[in-house]
Number of protein chains: 2
Amino acid sequence: MTTIKDVAKRAGVAVSTASLALNQSERVSPSTAEKVMKAAQELQYRKNGWARDLKMQKTQMIGLILHDLSGPFYASIIKGIEQTLLSYGYGLIACSTLGETLGTAERFLHERRVDGVIIFSSDIKDQTLIDVSREDFPVVVMDRVLSHPYLYSVTAHNHQGGYQAAEYFIKRGHKAIGYISGPANNLDSQLRLKGFSQCLADYHFADVPTKWHIRGDYSQQGGYQAARLLIEQGNLPTGLFVSNDEMAFGALKAFAEAGVRVPEDLSVIGFDDVELSQYVRPSLTTIKQPKFEMGSLAAHKVIQHLQGDAPKEHSVLPTELIERESSV
Amino acid sequence: MTTIKDVAKRAGVAVSTASLALNQSERVSPSTAEKVMKAAQELQYRKNGWARDLKMQKTQMIGLILHDLSGPFYASIIKGIEQTLLSYGYGLIACSTLGETLGTAERFLHERRVDGVIIFSSDIKDQTLIDVSREDFPVVVMDRVLSHPYLYSVTAHNHQGGYQAAEYFIKRGHKAIGYISGPANNLDSQLRLKGFSQCLADYHFADVPTKWHIRGDYSQQGGYQAARLLIEQGNLPTGLFVSNDEMAFGALKAFAEAGVRVPEDLSVIGFDDVELSQYVRPSLTTIKQPKFEMGSLAAHKVIQHLQGDAPKEHSVLPTELIERESSV
DNA sequence: CTGTTAGCGCCTTCAT
DNA sequence: ATGAAGGCGCTAACAG
């Protein structure tokens with residue numbers, strides 16, 4: 001392992017000089033600079049980023065903790081985060097909390113390996129986040145709202161989104177309305193349901209009967225199975241709100257297989273507006289979350305905090321119903 | 001920023017003792033251990049991961065460099081990598097090469113921030129990989145094949161996959177065959193095309209005429225536009241091979257909109273077997289890459305190398321045609 | 001069982 | 001313009 005020392009020795013200069021040269025400082029003569037560069041080249045020198053960070057007391061990197069690194073839902077959010085971070089000269093490194101053990105995520109959280117983190121994974125407990133956030137380690141959550149110093153949140157207005165879905169059904173004259181919800185421990189899902197029920201109540205409709213309220217897990221398979229359940233009960237609703245697009249895709253598959261026509265027999269509304277929503281057949285009516293903006297805003301908050309600018313604690317971004325072919 | 005020194009002082013012990021206690025060593029008496037723990041608690045001590053890594057000369061983390069952190073195609077690969085890494089006690093951190101600047105990716109590559117890397121992004125040049133790989137920094141590429149010490153590769157048998165697609169069309173009696181390829185600089189795409197053409201030649205078919213060979217960019221939009229182009233030419237082929245599933249989704253949308261019936265008027269075959277392929281309508285016939293295995297194998301190679309076990313340099317995994325509704 | 005000492009690789013005053 | 005020395009936070013001999 002060749003270090004800056006080796007480079008200095010080979011170039012015949014002091015370590016400090018080598019350091020300066022390697023960092024393009026002006027304070028070193030062109031000739032020595034060149035010598036150093038040449039030596040570095042010859043020795044295949046690679047700087048050790050962590051040693052530098054240790055000295056500098058910062059990494060210029062923000063950690064992103066996701067439940068599932070590759071969920072389609074995260075796509076735009078990540079882009080939003082990445083772009084904003086980049087514009088401030090920060091890098092993004094991501095990890096997931098998929099495996100039982102929180103491995104890497106823990107290390108980001110507990111070992112000061114990044115300058116701040118953005119979290120979108122309900123696998124991390126509230127208490128952990130509270131414990132871990134501090135003045136020089138801001139935390140932004142995107143899947144819940146937590147009030148604590150150094151802890152910020154950016155979420156979509158899930159309640160509103162649920163409300164919009166219900167209102168759509170009501171205004172279109174649907175009477176028989178069903179709901180496929182997300183994981184029980186998931187706050188987003190709870191809020192969507194709450195908004196949905198609220199709207200039903202506001203319009204003096206009965207709440208969704210339990211036989212039409214199936215719990216899913218936000219996966220395509222889960223949506224498929226939930227829809228199968230609905231189908232096997234006979235007697236389908238005419239409007240079905242599925243609390244995320246992925247499950248909606250699974251549900252659409254199940255309906256297609258069972259010969260249930262969407263939207264003729266059954267209108268389906270999803271949630272998220274994943275890119276693919278417009279590509280499935282029938283294309284999916286859905287509640288859009290402003291994902292790119294959410295990501296961008298989350299990144300802004302981390303950076304602003306790091307720069308001492310005290311950003312707004314909680315931001316809730318509006319949702320929007322996007323009508324496509326799956327509903328009528 | 002509270003350090004281990006502060007903890008030691010507060011607990012009234014030496015730094016080394018504190019270190020031992022904090023790392024659950026047996027060599028420290030329960031009573032002192034407790035004192036240390038208590039002090040750490042009170043001071044809200046967080047260990048500094050980099051300092052530890054610096055000392056230990058390893059991070060126990062592998063970097064994953066993707067073109068686009070959230071492409072659906074990566075989903076299974078990431079799971080494969082993650083699971084294997086985990087079983088060896090390694091963590092995974094990922095970054096993308098999306099923004100113009102390779103920012104974080106560069107830092108992984110050049111600054112020894114991880115113990116090894118796995119790469120699936122054609123944004124990184126061959127030469128960079130060659131320069132950067134070394135005995136104590138193994139590199140595994142998944143989007144190309146490179147021969148160099150400390151550089152390993154895991155790919156799907158893209159040539160074979162292309163061949164399978166063509167053979168399917170031929171055996172089903174298709175005479176008019178089209179092709180939507182990927183980005184020009186993409187090796188995978190080139191191989192798929194080559195395999196496809198090879199098969200055509202083997203069966204004494206003419207190669208795909210240029211008017212039916214459209215270049216895409218592996219995105220849904222790209223696939224959509226490519227298909228539009230095909231449609232506007234009038235005169236469609238009866239069999240269309242699209243070199244990845246994402247583009248195929250876009251193409252299916254274009255065909256649906258234009259009233260081209262799939263598979264009655266036109267059979268479509270994709271490539272990858274992304275999870276969603278089975279959920280779109282019509283579900284997509286596609287060439288499956290063993291993504292999970294590929295990821296797992298890539299991870300194994302990094303680890304094996306790190307453990308001094310000299311893994312096989314190149315691995316090419318077989319593809320498989322999965323027939324669904326989009327072809328006949 | 002615990003403390004002393006010596007770095008890991010790097011950057012940065014402070015001299016020269 | 002360059003060099004010497006100190007230290008970031010941590011761990012690991014080596015003594016005691």
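Just so we're on the same page: letters track the sequence lines, and every chain starts at 1. Just so it is clear, the model here is predicted, and its values are computed rather than measured.
To the nearest angstrom, C1' of dC8(C) lies 20 Å from CZ of Arg46(A). Put simply, CD1 on Ile4(A) is 14 Å from P on dA4(D), counting in whole angstrom units. Atom P of nucleotide dC8(D) and atom CG of Asn48(A) are separated by 18 Å, given to the nearest angstrom. Rounding to whole angstrom units, NZ of residue Lys9(B) and P of dT4(C) are separated by 14 Å. The distance between atom CG of Leu54(A) and atom P of dT12(C), rounded to the nearest whole Å, is 13 Å. Between the P atom of dG9(C) and the CE atom of Met56(A) lies a distance of 17 Å, rounded to the nearest Å. Note: CG (Asn23(B)) to P (dT11(D)) measures 5 Å, nearest angstrom. In this entry the distance linking NZ of Lys35(B) with C1' of dT2(C) reads 10 Å, nearest Å.
Mapping Val13(B) and Gln57(B) onto DNA chain C by nearest heavy atom places Val13(B) at the nucleotide closer to the 5' end. Looking at which nucleotide of DNA chain D each of Gly12(A) and Lys47(B) is closest to, the 5′-most match is held by Gly12(A). The nearest heavy atom of DNA chain D to Thr32(A) and to Thr3(B) marks one nucleotide each, and the one closer to the 5' end goes with Thr32(A). Where Leu20(A) and Pro30(B) meet DNA chain C, the nucleotide closest to each residue was compared, and Pro30(B) sits on the side nearer the 5' end.
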Next on the checklist: side chain to side chain donor-acceptor pair (under 3.5 Å), that's the test. Do Ser219(A) and Asp217(A) meet it? Break it down for me.
Outcome noted: CA-CA 5 Å; Ser219(A) 77; Asp217(A) 62 356; 2.8 Å; yes
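Nearest nucleotide to the side chain of Val28(A), out of dT2(D), dG6(D), dG9(D): dT2(D). When the nucleotides dA4(D), dC11(C), dC10(D) are ranked by their closest atom to the side chain of Arg52(A), dC11(C) comes out on top.
Checking the phosphate oxygens (OP1, OP2) of dC8(D), a side-chain nitrogen or oxygen of Lys5(B) falls inside 4.0 Å. Between Thr17(A) and dA1(D), a side-chain N or O to OP1/OP2 separation shorter than 4.0 Å is absent. Here Arg27(B) does not reach the OP1 or OP2 of dC1(C): none of its side-chain N or O atoms lies under 4.0 Å away.
Judged by distance alone, with hydrogens and angles left aside, the side-chain atoms of Asp115(B) form no donor-acceptor pair with the main-chain N or O of Lys58(B) at under 3.5 Å.
Taking 4.5 Å as the limit, every side-chain heavy atom of Leu306(B) sits out of range of all side-chain heavy atoms of Tyr88(B).
Within the 4.0 angstrom heavy-atom criterion, base atoms lie near Val15(B). Nucleic acid contact for Ser16(A): base, since at least one base atom lies under 4.0 Å from a heavy atom of the residue.
Looking at Asp136(B) and Arg112(B), a side-chain N of the basic residue comes within less than 4.0 Å of a carboxylate O on the acidic one, giving a salt bridge. Under 4.0 Å is where a charged nitrogen must lie from a carboxylate oxygen, and between Lys38(B) and Glu42(B) at least one such pair does.
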